[in-house]
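Worksheet: one structure, shown below.
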Amino acid sequence: MKGYLIILPTFFVAFVLAVFPLTKYLDYVRPEWVAITLVFWVLSSPARAGILLGLCMGLLLDVLHGQILGLNALALSILAYLCMLLHSRMRLYNTIQQSCLVFVLIGLYLLVRYWTESIVMGQGNIALLWPSLGSALIWPIWYNLLSGLRHYFRA
Amino acid sequence: MICDKYIESTQAVRSSLGYLVLPVQWVSSLPGQLGVWAGESAQSHTSLIEENKRLRLESLVLRQKIQQMISIRAENHRLRELLNTSEQLDDQILVAELIGVDPDPYTHHIIINKGEQHGVFVGQPILDAQGLMGQVIEVLPYTSRVLLVADSNHAIPVQVNRNGVRAIAVGSGKLDELRLIYVPDTSDIKVGDQLVSSGLGGRYPKGYPLGEISVVEHDPGEPFAIVSAKPAANLDRSRHVLLVFSMDSKLPEASNNEDVSPK
């Protein structure tokens, strides 16, 4: 239970960063903050964070972005599942290898989102490359920050 | 899960999740509000006096215009009675503040700080001091999401103020451009013409300014003329917006008396 007291505030920060106003050009490479936070927590404590957490956070993200309900929930659940498959391998990687893997994972997450959106709505947001690149670039900093927090609170 | 979208009852889920999302929106709008506050409190005494003087003059001019308007409105009313047409009613408005802009760079949505609790409803038109801005597309308990007229998914029926030519203005995806589609090459539209909403779609009230024609091109290879307009509203700058409660559309049950004032 104590773990969620750390996990939920980090998601709150991720949500704020996800809607924080940025300049026009930075907007295109805005990292998928919620997705990389989910990846971090699934990697570091797969017992607590999993598909259900991805589902809940996805629903909140849908409401926040005004998208159809369930879109991000589905995509984040799939992302959480992929991370659970990969987590034991991914822990052994160094930072640069992890960043590359995050690039692929976020790309897959955006692809799933784009597919579902275009099936249900008939049109979708096909910006896959730049947000994944932004997420991969921010990953080392975000990873170190969150793991520092995690060790500090011993969660 | 996704198919839920086609069922209306998800609105309840959405609005209850909206309570959880509210603090996120509030925190993300905090730095902007802090900036405005700092700018206001750091202004010099002389500039405040100057601004005060300017506003006083402006108010004087506006009051003089209102005096004219009262008599013109009475005359209009009498003429309408003579013609046996229905009486035009004033629209009620509610002032809202912009608290967020959608982070997606491919859409033009804004978030305002009035929601279900203030009587906002989906489809409600939004204005700023200069003209039409857009319409509400999603209502949460204390906030709502507005689709701007410049979004490429938005279209509005308009009329040229000079001669009443009707057209449809579609957003171009750029904040300073609207496109008029299906305009015949022979129609009488010139650069500089004012566009007003025609009220034909039944969503926007009639007669609010939308923009000014900026480009008219006749390309022999195209079936229709290429017409662009510049929106009158400051789509990227307005901080305060007006929500319009048209008399023929749904009236709010829970509107505060001090907020709603006849225009």
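Quick note on labels: first sequence line is chain A, next is B, and so on, each numbered from 1.
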| field | Heavy-atom proximity to chain A below 4.5 Å, by part of B:Ile137 | value | neither
| query | Would the number of heavy atoms belonging to other residues, nucleotides or ligands and lying under 6.0 Å from CZ of B:Arg239 be above 12? | reply | yes
| message | Please find the pair of heavy atoms, one from A:His65 and one from B:Asp102, that lie closest to each other, and give the distance. | response | O-OD2, 3.7 Å
| request: With a 4.5 Å cut-off on heavy-atom pairs, point out which of A:Pro131, A:Gly66, A:Ala18 contacts chain B the most. | output: A:Gly66
| request: Taking all heavy atoms of B:Val24 and all of A:Val19, pick out the closest pair and write down the distance. | output: CG1-CG2, 4.2 Å
| query | Would you find more than 12 non-hydrogen atoms of other residues, nucleotides or ligands less than 6.0 Å from A:Arg89 atom CZ? | reply | no
| field | Gap separating the CG atom of B:Leu17 from the CG atom of A:Leu69, nearest 0.5 angstrom | value | 6.5 Å
| request: For atom OH of B:Tyr106, decide whether the heavy atoms of other residues, nucleotides or ligands shown that lie under 6.0 angstrom number more than 12. | output: yes
| said: I'd like to know whether CD1 of B:Ile181 has more than 12 heavy-atom contacts from other residues, nucleotides or ligands below 6.0 angstrom. | reply: yes
| request: Sort B:Pro23 into side chain, backbone, both or neither according to what part of it lies under 4.5 angstrom from a heavy atom of chain A. | output: both
| query | What part of A:Leu59 gets closer than 4.5 Å to chain B, counting heavy atoms only: side chain, backbone, both or neither? | reply | both
